[in-house]
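Only one structure is covered here, and it is reproduced in the block below.
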Amino acid sequence: RYAESSVAKSWAERENHRGSLNFQELVSLVPALLLRLRPEHLCLDMCAAPGSKSLQLLRLIGAGVNDDSGELRHGGPLA
């Protein structure tokens, strides 16, 4: 279990502090997965605090530079 392993706990806390790992409740995780977002989609996150769902949407959409053309994509979440 997480609470019993000090190595896992310290790793998770360190990575969470760095921003490379964030904790999210299952009820917050599922809706973004059900949207089946694609890079050209635009998504309005009206419950954007503290931002874990917005980060998940960014990862799912793959926001940023298009790997093939080097151009910016048109979609992304609005928070």
Side-chain angles (χ1 to χ4, degrees):
R1 293 179 46 179
Y2 174 78
E4 296 171 358
S5 173
S6 62
V7 174
K9 182 178 179 180
S10 63
W11 175 84
E13 290 173 349
R14 181 184 68 240
E15 295 305 313
N16 188 7
H17 183 67
R18 290 179 178 171
S20 62
L21 175 72
N22 61 358
F23 298 98
Q24 188 174 17
E25 295 287 332
L26 184 60
V27 296
S28 296
L29 175 75
V30 172
L33 296 175
L34 294 176
L35 288 173
R36 296 185 179 184
L37 296 171
R38 295 191 314 247
E40 67 271 17
H41 287 161
L42 187 63
C43 181
L44 175 61
D45 183 0
M46 296 180 68
C47 301
S52 57
K53 288 184 298 297
S54 296
L55 287 172
Q56 181 188 8
L57 293 170
L58 280 168
R59 290 181 183 125
L60 288 171
I61 292 174
V65 176
N66 187 329
D67 294 334
D68 299 331
S69 67
E71 296 178 6
L72 290 176
R73 293 183 172 145
H74 297 287
L78 299 173

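Just so you know, these numbers come straight off a predicted model, no measurement behind them.
The side-chain contact (heavy atoms from CB on, under 4.5 Å) check on Leu34 picks up Val30, with sequence neighbours excluded. In this view, Glu15 and Arg18, Ser20 satisfy the side chain to side chain donor-acceptor pair (under 3.5 Å) rule, not counting sequence neighbours. The side chain to side chain donor-acceptor pair (under 3.5 Å) test applied to Arg36 returns no partner, not counting sequence neighbours.
By the rule that hydrophobic residues join a cluster once side-chain heavy atoms approach within less than 4.5 Å of another member, Val27 and Phe23 end up as members of separate clusters.
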Checklist line | Evaluation steps, side-chain contact (heavy atoms from CB on, under 4.5 Å), between Leu33 and Gln56 | finding: CA-CA 9 Å; Leu33 296 175; Gln56 181 188 8; 3.8 Å; yes
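Listed by first and then second residue, the salt bridge (charged side-chain N to carboxylate O under 4.0 Å, His left out) pairs involving residues 23-34 amount to none (not counting sequence neighbours).
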